[in-house]
Protein chains: 2
Amino acid sequence: MKPREETGLAVPISAVERETALSKDTLRMWERRYGFPSPTRDQFGDRIYPPAQVDKLRLIRRLMDKGFRPGKIIPQPYHSLLELLGGSHVQDPFNQNDFITDLLRFISEHRVTELRSALQSQVQNLGLRRFILEVAAPMVRAVGEAWFRGELAIFEEHLFTEVMQNLLRKWAGEARTTELKAPRVLLTTFPNEQHALGLLMVEVLMAMEGAECISFGIQMPIADIVSAVAAHQADIVALSFSQAYPRTRSSEGITELRKALQQHVEIWVGGAGVARIKRVPEKVMIINDLDGIPAEVARWRQKTDHSRLFA
Amino acid sequence: MKPREETGLAVPISAVERETALSKDTLRMWERRYGFPSPTRDQFGDRIYPPAQVDKLRLIRRLMDKGFRPGKIIPQPYHSLLELLGGSHVQDPFNQNDFITDLLRFISEHRVTELRSALQSQVQNLGLRRFILEVAAPMVRAVGEAWFRGELAIFEEHLFTEVMQNLLRKWAGEARTTELKAPRVLLTTFPNEQHALGLLMVEVLMAMEGAECISFGIQMPIADIVSAVAAHQADIVALSFSQAYPRTRSSEGITELRKALQQHVEIWVGGAGVARIKRVPEKVMIINDLDGIPAEVARWRQKTDHSRLFA
DNA sequence: TTCATTTTTTGTGTAGGACAGACTATGACG
DNA sequence: CGTCATAGTCTGTCCTACACAAAAAATGAA
């Protein structure tokens, strides 16, 4: 039990693990292999990491989430990594419209009330579906990108998430009142997947299609997803994966889930974390775009009606 | 890179770490010290844990969260631990009223719609404040206890959390409309603290007192809390800690935060995780009960007015 | 190009040891 | 009998150093 020593500014390995989401083992391994990080030691011989190294580690982590590999980026100095970061930014004049830019400015200037009411009025103007497709989803992406480039602090991203979540949850309640209840959809994410907004947007869109959505929030162990499907007689399991979710874990988990569920239960997966997935597990539906959801729900209904004809 | 092998039912150490939140180091240390767990090995010599042992580990984890120490409980057989679990359950005839029991039944019988509408109508009947104090908070506790005793599955707890969260967030929006804006309160939790409901209840209660609540959701690194306080000119930082949050981490983190913040910014902490805290850090307010919040807000206002007289 | 095979890269696993800090028990003293 | 200081025990996290399977990249053949 060696808690943090007050050693000026340098932080112990446990803090680095927490802040970078790189395991202690990995940190020690990189140190041996690449010579970075190169922490100094405290009075007990334990590693302590200077803030500059932690910053670089955070940067490396972000680049890895984008697909870069450790061996290529760890040896590079901080400023070249920053260039890499900027270079990966594709300015999209079509999506990145003025309105989104305004909203981003509200976030970075901490004008919460204005952000909240601007979003609220957009829901009124565009309607819920268009709001999600044209405002909410692009904003989630834009905020993620801005954070990635260091233009937004974590707390600013958190605040946006919170405001958006309040809004979506409020409207999710409204959307639910529809009387139709065709496929029963169970929504959740795998453990360690923190991103709730993607799931929430899917929930609202499906609810608007008249599907009976039962969201379990984020971070459900696979075994519990299986139990929940049985308990609620779900027709579809919808899973959301964010950019940062490790690809091995997602495909591994999906395969495991597919094996554990009955064949007639469909698995729908979506989000940036599975968009560029290589080997798609069998009998799993990949939803690459939010606006494809209505069609998929329709497909499910048609399929089910069809099979009923022969049942 | 040694991902899970398909070895029947036994799971590798990484999965055990994920499911029990016990670190690999701890698992190996217990094996060495206490002879439990005693995993078999796969074809590569890696530990694989039979489900029964994982169950016992989960049980041990829960008991430790309640204050039991490893050395006392690890050597005991599964059934004695179960008794310990039951024994710690205090049946409270005053709080555990019929209504709460009904709601718990809705959860365990997966009657989502009825749960949702029962809660909704209780908000109407009791009003928001009494709903939180008399229904929401007791239910959070009851559900936690029921899960702890194995009477509710994780997915059932998740679903309850989700339903309650939707409700509270919807009403949080309503409560916010009040024009008063006395203390500006920044709400969040430390990293690894997942429980959002406690925070949400506090937010609503404070908003009803006319405080300007800015919730950042869960899991904010301390450094970001400090930045957020500066950016938003917050008067108070409110932190929520659930039962399972390690006490060393909470008091350590609170002390660190206290040092980093200006003296005039108050820190309010609450939740089961700090209820039985031993050494209270200086200049930190511990809120032991939700219904004490109005008084604390009043105290803050009085204090501030008073200091203004002399300013 | 596309597919199959080899090579490199990379993270997670193993073992065993050390020790600081939290907790508990003991004893002295008012 | 309670309170406080001290000694002893318990416990998790850190250390070193090495091994190796699976993923990714590079190579070669069709």
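The sequence lines fix the lettering, A, B, ..., with proteins before strands; numbering per chain opens at 1.
A salt bridge links A:Glu145 with A:Arg149: at least one charged nitrogen is closer than 4.0 Å to a carboxylate oxygen.
With sequence neighbours left out, B:Gln263 forms a side-chain hydrogen bond (donor to acceptor under 3.5 Å, both in side chains) with no residue at all. Contacts of B:Phe241 classified as ring pair (Phe, Tyr, Trp, His ring centres under 6.0 Å), with partners at least two apart in sequence or in another chain: B:Phe190, B:Tyr245. In terms of the side-chain contact (heavy atoms from CB on, under 4.5 Å) criterion, residue partners of A:Glu17 (sequence neighbours excluded) are, by chain and number, A:Ser23, A:Lys24. Residues meeting the salt bridge (Lys or Arg N to Asp or Glu O under 4.0 Å) test with B:Asp65, sequence neighbours left out: B:Arg61.
For the helix from C:dT1-D:dA30 to C:dG30-D:dC1, the end axes, each set by the C1' atoms of five terminal pairs, are bent relative to each other by 30° (nearest 10°).
Non-hydrogen atoms lying under 4.0 Å from DNA chain C are contributed by A:Arg33, A:Tyr34, all within residues 33-40 of chain A.
A:Arg28 comes within contact range of at least one nucleobase, with a heavy-atom separation under 4.0 Å.
One donor-acceptor pair, N or O on each side, does fall under 3.5 Å between the base of C:dG17 and the side chain of B:Arg32.
Contact annotation: A:Ser14 side-chain N/O to D:dC14 OP1/OP2 distance is under 4.0 Å.
For the 3.5 Å distance criterion, the side chains of A:Ser242 and A:Glu193 qualify, holding a donor opposite an acceptor.
Comparing A:Ile13 and A:Asp25 along DNA chain D, the residue whose closest nucleotide (by nearest heavy atom) sits nearer the 5' end is A:Ile13.
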